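In this text, all values refer to a predicted model and were calculated from it rather than measured experimentally. Naming: A, B, ... by sequence-line order, numbering from 1 per chain.
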Number of protein chains: 2
Amino acid sequence: MYPPRTRNSRQTPCEQCPLRHLPTFREFQPEELAFVSHFKTGELSVDAGTTVLSEGSHSAHLFTVLSGWGFRYKMLGDGRRQILNYIMPGDLVGLQGSLMGEMKHSVEALSALTLCVFERERLGQVYRNHPDLAFDVTWIASQEERILDEHLLSIGRRTALERAAYLLSFLSQRAAASNLFRGERVSIPLTQQHVADTLGLSIVHTNKTLKKLAERNLIRWADRGCDVLDPEGLMRAADWDGLEAVRRPFI
Amino acid sequence: MYPPRTRNSRQTPCEQCPLRHLPTFREFQPEELAFVSHFKTGELSVDAGTTVLSEGSHSAHLFTVLSGWGFRYKMLGDGRRQILNYIMPGDLVGLQGSLMGEMKHSVEALSALTLCVFERERLGQVYRNHPDLAFDVTWIASQEERILDEHLLSIGRRTALERAAYLLSFLSQRAAASNLFRGERVSIPLTQQHVADTLGLSIVHTNKTLKKLAERNLIRWADRGCDVLDPEGLMRAADWDGLEAVRRPFI
DNA sequence: CGGGCCCTTGAATTCTCTCAAACAATGTGG
DNA sequence: CCACATTGTTTGAGAGAATTCAAGGGCCCG
């Protein structure tokens, strides 16, 4: 299932996890850290473009993103694709599949992506022995739900321009929280096709919409990605309040 | 906050919960039942049209729907409304607010609605003392996420006709699972405005789209609701596989 | 140099929205 | 019982938004 350039061995011990000290994430208790470290069975690194999980499959694993970007998506029978959300460092991936068996969406790497691998079998131990971590898992699922709510509002009721403004603002805020900036630039290797498939628009119209945002000096589109020139202007254009600045749990 | 015709006293003991024996829901262990019964602090009954929870509020409660219908929605500053999902018997309501404080969406009753009330404070006990129930809470959150994924695909990538077919099919399947049919008819007091706000369409276009579905003999729209004439035809029209027939947990 | 991928642009077509009006069903007060 | 208001549905027409089709340009890489 995984392509050539894939490794699957333990590399970064949780004790040295580079994400642990980011202000976005909560602190671990030493005992929790020990458990998570035990829970982790390895790492998976894949190249950009790799499908990490696919709709219809029954994965035995649960992942946390250690580095890189990816996205979750679903497709219709004739190939129409909807990107549901983006994944970035600290995000839990594959929980739906672990809880309910079959994956109902796919996950693809947008950049080189490294994932911490957990056995879904051991998820029960989390609930039995680590109620605080179990609570965190629920928190994370609930947070994802919130974000999907906002996406749904966006696609259903925002205009094309508002939608694009919302998406770019959302991505740049998430990127900032995950420390994924390269200077002013959100370093997502995102094509306009990805943007289109997230916004529910055609690629042609997406292009024209991004151009309008650029004309208003809110963003600058450059080869596979964009600079956010005016973060507050984007939020205003989208009528969006932004992400809450809370320290979120991660596993 | 709650309007006149509202009662807030303990009425149905969990031991006699009418939902417990529906084939849709899993069985409780006696000890779980005892805990849930203790966890429940009362009931809330409201009339159709009542706002049960509102965006921006900090509710101290968590609810399970005992009877009736409702919906979750979000609004933009200028009044545009997006219905996110519908709630019906057995559904957990207000989890996001309980976990994260502020509600980011509102909940409104579509029919007379009765909710079992739980104190959010006691949610911690679930995690500390009832890992199986805690697991169920996560399962439920994850299931909601799945449904939102499908809604997102629908609004983003399905045509107006497909979207309407999906929604009506989805609602009738959920209604069937919750035993909410009145003969062949889905007894949701749903207006075309609700349909429009769910599909992300204008009410005029929604009306024309529903008419097309009716011309194809898939549905018949009648005063505040519709008959599903051809359930499989609807699913085919939407390119949708339907809900899984699993016994789901409820609390 | 050619091929592939991504971005850009114009034009015609299709979809969807707004505006406007009318109708049916229901409920209320006189 | 009727007049009237309210709510929900239906329809037509014109305006606006978004799609498809088509083609060209830039860039990187083998």
Side-chain angles (χ1 to χ4, degrees), chain A residues 47-49 71 76 78-83 108-111 154-165 167-168 185 187-215 219-227 237, chain B residues 47-50 71 76 78-83 108-111 154-165 167-168 185-215 219-227 237:
Chain A
D47 287 336
F71 59 92
L76 289 171
D78 62 2
R80 281 173 286 176
R81 178 176 76 169
Q82 176 65 39
I83 294 182
E108 186 176 318
L110 214 37
S111 66
S154 197
I155 299 200
R157 289 303 184 204
R158 279 192 246 252
T159 65
L161 198 78
E162 290 167 340
R163 267 183 243 185
L167 176 65
L168 297 176
R185 190 178 163 70
S187 59
I188 320 178
L190 200 64
T191 67
Q192 295 190 359
Q193 185 66 64
H194 291 119
V195 175
D197 286 348
T198 311
L199 302 181
L201 299 172
S202 71
I203 185 166
V204 173
H205 197 238
T206 298
N207 179 277
K208 289 169 183 169
T209 303
L210 290 172
K211 197 180 163 190
K212 275 187 197 162
L213 286 179
E215 278 164 6
I219 63 156
R220 189 182 313 122
W221 189 269
D223 181 49
R224 288 170 176 248
C226 83
D227 300 325
Chain B
D47 287 337
T50 307
F71 60 92
L76 289 171
D78 61 2
R80 282 173 285 176
R81 178 176 77 169
Q82 177 65 39
I83 293 182
E108 186 176 318
L110 260 179
S111 66
S154 197
I155 298 199
R157 287 305 184 201
R158 279 192 246 254
T159 65
L161 197 77
E162 292 167 339
R163 266 183 245 185
L167 175 64
L168 297 176
R185 191 178 162 69
V186 182
S187 59
I188 320 176
L190 200 64
T191 68
Q192 295 190 0
Q193 185 66 65
H194 291 119
V195 175
D197 286 347
T198 312
L199 302 182
L201 298 173
S202 71
I203 186 167
V204 174
H205 196 59
T206 298
N207 178 275
K208 290 169 183 170
T209 302
L210 290 173
K211 197 180 164 191
K212 275 187 197 162
L213 286 179
E215 278 164 6
I219 62 156
R220 189 182 312 124
W221 188 269
D223 181 50
R224 288 169 176 246
C226 83
D227 300 323

Practice task
Check every atom of dC17(C), dT9(C), dT10(D) against the side chain of His205(B) and return the nucleotide holding the closest atom.
Solution key: dC17(C)

Completion exercise
Sorted by position of nearest nucleotide on DNA chain C, 5' first, the leading residue of Val204(B) and Thr159(B) is Thr159(B)

Problem - Lys208(A) NZ to dA22(D) P, straight-line distance once rounded to whole Å - result: 15 Å

Problem - Under-4.0 Å side-chain N/O to phosphate OP1/OP2 contact, Gln193(A) with dC7(C) - result: no

Practice task
Could you tell me whether the phosphate oxygens of dC7(C), OP1 or OP2, come under 4.0 Å of any side-chain nitrogen or oxygen in Asn207(A)?
Solution key: no

Fill in the blank from the handout: Between CG of Leu161(B) and P of dT14(C) the distance, given in whole Å, is 17 Å

Practice task
Describe the nucleic acid contact of Lys211(A) in one word from base, sugar-phosphate, nothing, applying a heavy-atom distance below 4.0 Å.
Solution key: sugar-phosphate

Practice task
Using atom CG of Leu110(B) as one end and atom C1' of dG8(D) as the other, report the distance to the nearest whole Å.
Solution key: 15 Å

Problem - Spatial distance of atom CG (Leu201(A)) from atom CZ (Arg163(A)) [nearest 0.5 Å] - result: 4.5 Å

Problem - Atom-to-atom span, CG of Asp197(A) to C1' of dA18(D) - whole angstrom - result: 15 Å

Handout entry: Approximate separation, where rounding is to 0.5 Å, of Asp197(A) CG and Gln192(A) CD
Key = 12.0 Å

Practice task
Figure out the CD1/P separation between Ile203(A) and dT20(D), and round it to whole Å.
Solution key: 11 Å

Problem - Distance-only side-chain donor-acceptor flag, His194(B) / Thr191(B), under 3.5 Å - result: yes

Problem - Ala160(A) side-chain proximity, nearest of dG10(C), dA18(D), dT9(D) - result: dA18(D)

Handout entry: Whole angstrom value for the distance that separates C1' of dT10(D) from CZ of Arg224(B)
Key = 16 Å

Handout entry: N-O pairing of Lys208(B) and Glu215(B) below 4.0 Å
Key = no

Exercise for the section: Would you check if the side chain of Asn207(A) reaches a backbone N or O of Thr209(A) as a donor-acceptor pair within less than 3.5 Å? Expected result: no

Exercise for the section: For Leu201(B), report the nucleic acid contact type (base, sugar-phosphate, nothing); a contact means any heavy atom under 4.0 Å. Expected result: sugar-phosphate

Exercise for the section: For the side chain of Ser202(B), starting at C-beta, report the closest nucleotide among dT9(D), dT18(C), dC7(C). Expected result: dT18(C)

Problem - Between P of dA17(D) and CZ of Arg157(A), the distance in whole Å - result: 16 Å

Practice task
State which of dG12(D), dA18(D), dT10(D) makes the closest approach to the side chain of Arg163(A).
Solution key: dA18(D)

Exercise for the section: For Thr191(B), answer base if it contacts any base atom (sugar-phosphate contacts may also be present), sugar-phosphate if it contacts only those atoms, and nothing otherwise; contact means non-hydrogen atoms under 4.0 Å. Expected result: sugar-phosphate

Handout entry: Integer-rounded Å distance: dT7(D) C1' and Trp221(B) CH2
Key = 14 Å

